[in-house]
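Following: one structure in structure tokens, then a few remarks.
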Amino acid sequence: MSNSNRFAKVFPLFYRFINKPIAIILIIFFLCFYTLYTLTYLNVALGIIPLAYVLICYKIEKKILNQFLFGPLTLVSVFHFLGVGLGLGLYSIGAEGYVQPEIAIIQLAFIIGYPFQILGYWIFFRKVRFNLSLPENTKQRLRKSGFFLLGFAVIQTIVSIATGAWDRTGIDIPEGGESLGPAGVFTAFTLLSNLGYILFPLLLKYSSSQIKFFLWIVLILTLGLGGLTGSRGLVLFPIIYIFFGLWTFTRIKSAKIKQYFILITIFAFILIPFLNNYRSGESFLSKRGSDIGGKLEALSQSFSASPTSSNTDSLEITGAALYGKMSDINVYRKTPILIPHAGWDNWEAILYVFIPKTIYPNKPPIFDGHAIAVSYRDSYSAGIATISFDADLYRRFGWRGIIAGNLIFGLVYGFVISLFFNLYNRKPNTLHLLFVLLLFTFYVNTGTVLVTFWTWLYVFPKYLIALYVIYTLLNVVFKRRKLRA
């Protein structure tokens, strides 16, 4: 199957939609406004609109769909749909309040702001030229890089569990977060693991039967250990990235692609409420994160225990988990009636992005999501909370801030994406392809405005440097081995 018609043959109906998206978008908006007119399922109706944005993003990024299953902004828009659309829709149904104005405000903020992000992105992405070529030497170098990055993911899992860095109970979490302890390096470069998962199908494709068997065992054990921590992301994100790599590096049959997609969707809807049950049980909370035996015991008890929530509760829990930032409700409710707009508060923290806290312990905090969420709470509740990018823009500058902030972010994001796609197109090599793949791991589950600045000013360049160092060192090592041979 040639690259020019691959996506069309695998997803013919969807390809027609993104070639002529106006009709489907009109249908979606008609259904939404009809439902709004009846006011029976207000939040479900508003949740359908982000699906139209997914189709628009697919249309914008259509030129790269034969190489990749989706483009970077499409991936971002899918996550937004899962959160703002599906997540908040399920939450409203589960809470038995089909019309929830506080949820509707969150959805409207996204519906109003996101088109400006798409516009900013399109201004730069429309000039992208990209063609994925994988000559034999590139495949070999990618394979070497893939083994290293997958190994990084495995070691990260083992070290993070052993040291308590992934402990959700708070019993043995080390102080300092991104510390100098054994898990510090893995915490600082955690997204390298996602690249390992993207390259996993490539490793399978060019490995012997024995190595394939070994890779599958390693993957299952790694995801299993991640699941024991109670984290949904440590199981679902690797599976999503493997699925992405399957499309990019193999020519799998369309029927299998569809089957895998359906299986992943079903698995996600089973896993999310199950893990919530598992990690909220007394047995889980009483065991240290490094106590694998204890976690297995808690897991077996959660299988045998009857569900602690009803069907509607499960929908509410699943919906809240999909959105992930339910503290937004308080932000929109209290700003500016009870708490005035924050404006440029703590903006000086951006100036200290490149200064380590070990050098300047009193630097202004840039990770302000949890502190903001706590300040807007009505009463104390345990656990880590944060707020979304849109909620922080509204908290600072109101509705105009949501529009301007999304437009600026779209321009910056579109510029970065087009820069690296065009770099690979001009000079296709393994390192530049790794840079492009890295962009997909930054699916931008954005936090606050300051955290977003930190992500693109500090974290993204850090990963570019890390990939350059890894690529250079691997080349040196294998060149020396080749000379010796």
Side-chain angles (χ1 to χ4, degrees), residues 6-7 9-15 17-18 47 50-51 54-55 57-58 65 67-72 74-87 89-90 150 153 157 191 193-205 212 215-278 314-315 317-324 437 440-445:
R6 183 184 176 207
F7 191 90
K9 287 187 176 179
V10 176
F11 301 106
L13 186 61
F14 192 74
Y15 190 78
F17 283 161
I18 62 173
L51 184 60
V54 175
L55 295 174
C57 293
Y58 254 112
L65 289 184
Q67 284 82 31
F68 300 115
L69 186 58
F70 39 72
T74 302
L75 180 57
V76 174
S77 64
V78 168
F79 274 101
H80 283 312
F81 167 70
L82 291 176
V84 177
L86 183 61
L90 290 175
L150 186 64
T157 301
L191 292 183
S193 300
N194 293 336
L195 285 176
Y197 295 125
I198 289 175
L199 293 172
F200 182 79
L202 182 76
L203 300 182
L204 288 177
K205 186 177 180 180
K212 284 180 183 177
L215 287 172
W216 277 115
I217 294 296
V218 166
L219 178 70
I220 291 168
L221 289 175
T222 303
L223 298 188
L225 288 171
L228 285 178
T229 68
S231 170
R232 297 175 289 262
L234 293 176
V235 180
L236 291 178
F237 287 146
I239 292 174
I240 291 169
Y241 283 120
I242 290 169
F243 186 65
F244 174 79
L246 197 65
W247 175 274
T248 304
F249 298 114
T250 68
R251 287 295 179 266
I252 190 168
K253 292 180 179 178
S254 60
K256 284 192 174 182
I257 284 281
K258 293 169 186 175
Q259 289 168 8
Y260 291 154
F261 177 78
I262 292 169
L263 287 173
I264 290 170
T265 304
I266 294 170
F267 177 71
F269 273 92
I270 294 172
L271 184 75
I272 290 172
F274 173 76
L275 280 183
N276 185 78
N277 243 12
Y278 161 64
S314 293
L315 288 176
I317 291 166
T318 302
L322 283 170
Y323 185 65
L437 294 176
F440 289 92
T441 69
F442 277 77
Y443 56 84
V444 198
N445 184 11

* Evaluate the side-chain contact (heavy atoms from CB on, under 4.5 Å) criterion for residues Phe267 and Val235: first the C-alpha distance (whole Å), next the side-chain angles of each, then the deciding distance (0.1 Å), finally the verdict. => CA-CA 10 Å; Phe267 177 71; Val235 180; 3.9 Å; yes

Show the nearest heavy-atom pair for residues [X] and [Y], with the distance to one decimal.
{"X": "Ala153", "Y": "Ser193", "answer": "CA-OG, 3.4 Å"}
{"X": "Trp247", "Y": "Gln67", "answer": "CD1-O, 3.8 Å"}
{"X": "Pro201", "Y": "Leu246", "answer": "CG-N, 3.4 Å"}
{"X": "Gly226", "Y": "Thr229", "answer": "O-OG1, 2.5 Å"}

Once you round to the nearest 0.5 Å, how far does [atom1] of [X] lie from [atom2] of [Y]?
{"X": "Leu75", "Y": "His80", "atom1": "CG", "atom2": "NE2", "result": "10.0 Å"}
{"X": "Phe440", "Y": "Leu195", "atom1": "CZ", "atom2": "CG", "result": "11.0 Å"}
{"X": "Ile198", "Y": "Leu203", "atom1": "CD1", "atom2": "CG", "result": "12.0 Å"}
{"X": "Tyr278", "Y": "Leu228", "atom1": "OH", "atom2": "CG", "result": "4.5 Å"}

* In a check of side chain to side chain contact (heavy atoms under 4.5 Å, CB included) between Phe81 and each of Leu322, Val54, Val76, which one passes? -> Val54

* Does the pair Phe261 and Leu69 meet the rule for a side-chain contact (heavy atoms from CB on, under 4.5 Å), with working shown? -> CA-CA 12 Å; Phe261 177 78; Leu69 186 58; over 6 Å; no

Heavy atoms, side chains only, cut-off 4.5 Å: are [X] and [Y] in contact?
{"X": "Leu90", "Y": "Phe269", "value": "yes"}
{"X": "Leu437", "Y": "Phe68", "value": "yes"}
{"X": "Ile242", "Y": "Leu219", "value": "yes"}
{"X": "Thr222", "Y": "Leu150", "value": "no"}

* I would like to know whether Phe243 and Ile239 meet side-chain contact (heavy atoms from CB on, under 4.5 Å); could you show each step before the answer? => CA-CA 6 Å; Phe243 186 65; Ile239 292 174; 5.6 Å; no

* To do: Indicate yes or no for a side-chain donor-acceptor contact from Ser77 to the backbone of Thr74 under 3.5 Å, with no hydrogens or angles considered.
  => yes

* Does the ring centre of Phe244 sit less than 6.0 Å away from the ring centre of Tyr197? -> no

* To do: Classify the ring geometry between Trp216 and Phe200 as parallel (under 30°), tilted (30 to 60°) or perpendicular (over 60°).
  => perpendicular

* **Audit row: Phe237, Ile240, side-chain contact (heavy atoms from CB on, under 4.5 Å) steps and yes/no** => CA-CA 5 Å; Phe237 287 146; Ile240 291 169; 4.2 Å; yes

